[in-house]
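Here is the structure we will look at.
Proteins come first, then strands; the chains are lettered A, B, ... in the order of their sequence lines, and each starts at number 1. What you are looking at is a predicted structure, and each value in this text was computed from that prediction instead of being measured.
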2 protein chains.
Amino acid sequence: MAAIPNRVDCNSCSVRELCLPHGLSFDEVEQLERAVGARRRIKRGQELYHARDAFSALYAIRLGSFKTRLSTADGREQVTGFQMAGDLLGMDGIGAARYASDAVALEDSEVCVVPFDQLEELSREVGSLQSHLHRMMSREIVRDQGVMLLLGNMRAEERLATFLLSLSERFRARGFSPSAFVLRMSRQEIGSYLGLKLETVSRVFSRFREQGLVDVDQREIRLRDEAALRRLVEACAGVA
Amino acid sequence: MAAIPNRVDCNSCSVRELCLPHGLSFDEVEQLERAVGARRRIKRGQELYHARDAFSALYAIRLGSFKTRLSTADGREQVTGFQMAGDLLGMDGIGAARYASDAVALEDSEVCVVPFDQLEELSREVGSLQSHLHRMMSREIVRDQGVMLLLGNMRAEERLATFLLSLSERFRARGFSPSAFVLRMSRQEIGSYLGLKLETVSRVFSRFREQGLVDVDQREIRLRDEAALRRLVEACAGVA
DNA sequence: CGTAGTCTTGAACTGCATCAACCAATGTGG
DNA sequence: CCACATTGGTTGATGCAGTTCAAGACTACG
């Protein structure tokens with residue numbers, strides 16, 4: 001059987017259960033696949049989209065990972081999120097018909113292009129798809145608010161512990177080891193996300209290592225005492 | 001004609017153009033009004049909803065203003081936003097079927113209750129309503145990312161200037177004076193939103209006053225040199 | 001094998017927090 | 001109507017977490 005180049009095949013996609021609602025019928029998945037434009041490969045360091053580009057599509061990450069960032073006139077950078085396989089990119093573009101941030105690949109990656117008008121149309125017919133879209137957007141709002149809490153109230157150690165546990169959880173959800181993983185991003189980028197300078201990130205990693213909480217070898221991380229990390233986070237974590 | 005108590009009347013609502021899409025037909029507004037549950041009054045200091053309450057509805061503010069906040073186990077508070085007439089509350093509840101934050105009235109207020117399942121259903125029929133909902137959620141995401149930038153990268157003066165200009169803009173959009181207004185929130189709450197302590201907020205207000213940027217009398221604010229405030233913000237504002 | 005990017009570590013600095021006193025406005029009860 | 005308490009805001013003195021500046025180590029890649 002000849003493979004159709006760039007043809008989307010959701011049923012065999014490894015992150016299906018992350019980016020699609022449960023219980024779609026075979027037919028509905030078919031419809032969705034017709035709506036989804038194509039796959040697109042992005043090399044490490046390249047931009048999937050740039051702030052102020054005209055918005056037309058959401059992107060579902062099939063493979064790889066990204067950061068989203070805001071850049072300021074005077075050259076500061078705020079990383080607003082790290083996205084991995086199964087995550088959805090571009091929801092910040094819907095409101096103003098332009099993307100609000102840059103999306104940059106942290107490694108060679110591949111996304112499914114989901115033209116938004118077609119998604120809206122299809123979600124008018126398929127209720128579960130509509131709900132799924134709403135849930136995805138709402139979760140993004142909740143995540144962002146969590147970051148506000150982190151940036152507004154936490155100290156450096158609490159921020160990094162929160163970050164590590166959140167990564168761990170996301171790897172677990174994707175079937176990878178939650179206790180040993182490789183960071184896709186630099187200290188600089190972690191710092192930007194957490195509102196810290198890269199030196200501070202490095203120092204806190206060192207402190208965690210000395211206390212036996214983690215093994216750190218460059219970007220390879222092993223969580224050695226997850227309970228202790230969790231204790232660090234507990235007091236300052238949202239009650240919810 | 002006997003007024004139906006708590007009956008919603010969108011056509012005569014002063015914030016109609018903020019919370020409804022343009023160009024709804026009379027019929028469609030009728031449908032929406034039937035879907036919208038009722039009005040609800042919230043006294044100053046009371047909670048409209050609490051984090052972890054079961055989610056069932058969005059709330060459109062008719063009158064008054066609110067703050068949303070996250071509370072932590074050890075008693076810290078992060079204000080995640082201030083909402084005023086025409087704004088939508090509760091979108092953080094969709095994803096997990098529970099509200100993620102508390103919504104507290106800053107003054108005696110009134111909201112329209114919009115049961116979410118009915119809104120979803122109606123938005124499947126009325127395309128413009130569907131798009132409007134998506135835009136509202138997306139704008140919330142963009143706003144939250146802007147706050148991340150503020151918390152992660154800006155200094156105290158830049159944060160407060162950003163805050164004042166944003167308030168000014170929102171008052172303007174509602175037909176109030178953009179240069180003279182009364183703050184609905186305390187220094188404490190402003191500080192929590194901006195990631196600062198109340199003393200710092202107070203000090204920066206004083207500095208702005210000394211520099212002739214604003215008049216401050218308790219909660220009464222008058223912007224005297226908007227251009228200067230804007231200059232403070234420009235360098236660090238998102239390029240977008 | 002050399003050069004550039006990334007990471008670590010140290011020393012000194014600083015912006016905001018903390019602690020504390022005081023003031024103004026508002027409310028309360030006698 | 002006035003003493004008094006309460007709440008919210010201002011201002012000063014001091015401290016410290018995280019930044020800044022700087023140097024060196026490690027890694028990767030052409």
- Query: Do B:Asp87 and B:Arg174 have side-chain heavy atoms sitting under 4.5 Å apart?
  - Reply: yes
- Quick one: A:Glu210 CD to C:dT8 P, roughly how many Å, whole number? 12 Å
- What closest approach, in Å, do B:Tyr193 and B:Leu151 show between heavy atoms, and which atom pair accounts for it? O-CD2, 3.9 Å
- Message: As a test of reading the structure: which of D:dT10, C:dT8, C:dC7 is closest to the side chain of A:Gln218, going by heavy atoms?
- Response: C:dC7
- Query: Are the side chains of B:Leu149 and A:Arg76 in touch, meaning some heavy atoms are under 4.5 Å apart?
  - Reply: no
- Atom-to-atom span, CZ of B:Arg209 to C1' of D:dG9 - whole angstrom: 11 Å
- Task: Answer yes or no: is there an ion pair linking A:Arg41 with A:Asp108, defined by an N-O contact shorter than 4.0 Å?
- Result: no
- Message: Closer than 4.0 angstrom, basic N to acidic O: yes or no for B:Glu140 and B:Arg143?
- Response: yes
- Note on the structure: Rounded to whole Å, CZ of A:Arg76 lies from P of D:dT19 at a distance of 14 Å
- Could you check how far CG of B:Leu160 sits from P of D:dG9, rounded to whole Å? 13 Å
- Separation of D:dG8 atom P from B:Asp217 atom CG, nearest Å, is 17 Å
- Task: Would you mind reading off the distance between A:Arg44 atom CZ and C:dG5 atom P, rounded to a whole angstrom?
- Result: 12 Å
- Message: When you measure from the side-chain N and O atoms of A:Arg187 to the phosphate of C:dG5, is any distance below 4.0 Å, counting only OP1 and OP2?
- Response: no
- Gap between atoms CE and C1', on B:Met185 and D:dG9 respectively (whole Å): 16 Å
- Round to a whole Å and report the spacing from CD of A:Gln188 to P of C:dC7. 9 Å
Protein N or O to nucleotides 13-21 of chain C N or O, pairs below 3.5 Å:
| residue | atom | partner | partner atom | Å |
| --- | --- | --- | --- | --- |
| C:dC16 | OP1 | B:Ala156 | N | 2.8 |
| C:dA17 | OP1 | B:Lys197 | N | 3.3 |
| C:dA17 | OP2 | B:Lys197 | N | 3.3 |
| C:dA17 | OP2 | B:Thr200 | OG1 | 2.3 |
| C:dT18 | O4 | B:Arg203 | NH2 | 2.8 |
| C:dC19 | N4 | B:Glu199 | OE2 | 3.3 |

- Task: Report yes if a side-chain nitrogen or oxygen of B:Ser202 is closer than 4.0 Å to either non-bridging phosphate oxygen (OP1 or OP2) of D:dT11; otherwise report no.
- Result: no
- Message: Are B:Phe176 and B:Phe181 an aromatic pair, judged by ring center distance below 6.0 Å?
- Response: no
- Step by step, would you call A:Glu169 with A:Arg172 a salt bridge (charged side-chain N to carboxylate O under 4.0 Å, His left out)? CA-CA 5 Å; A:Glu169 197 41 59; A:Arg172 182 201 307 280; 3.5 Å; yes
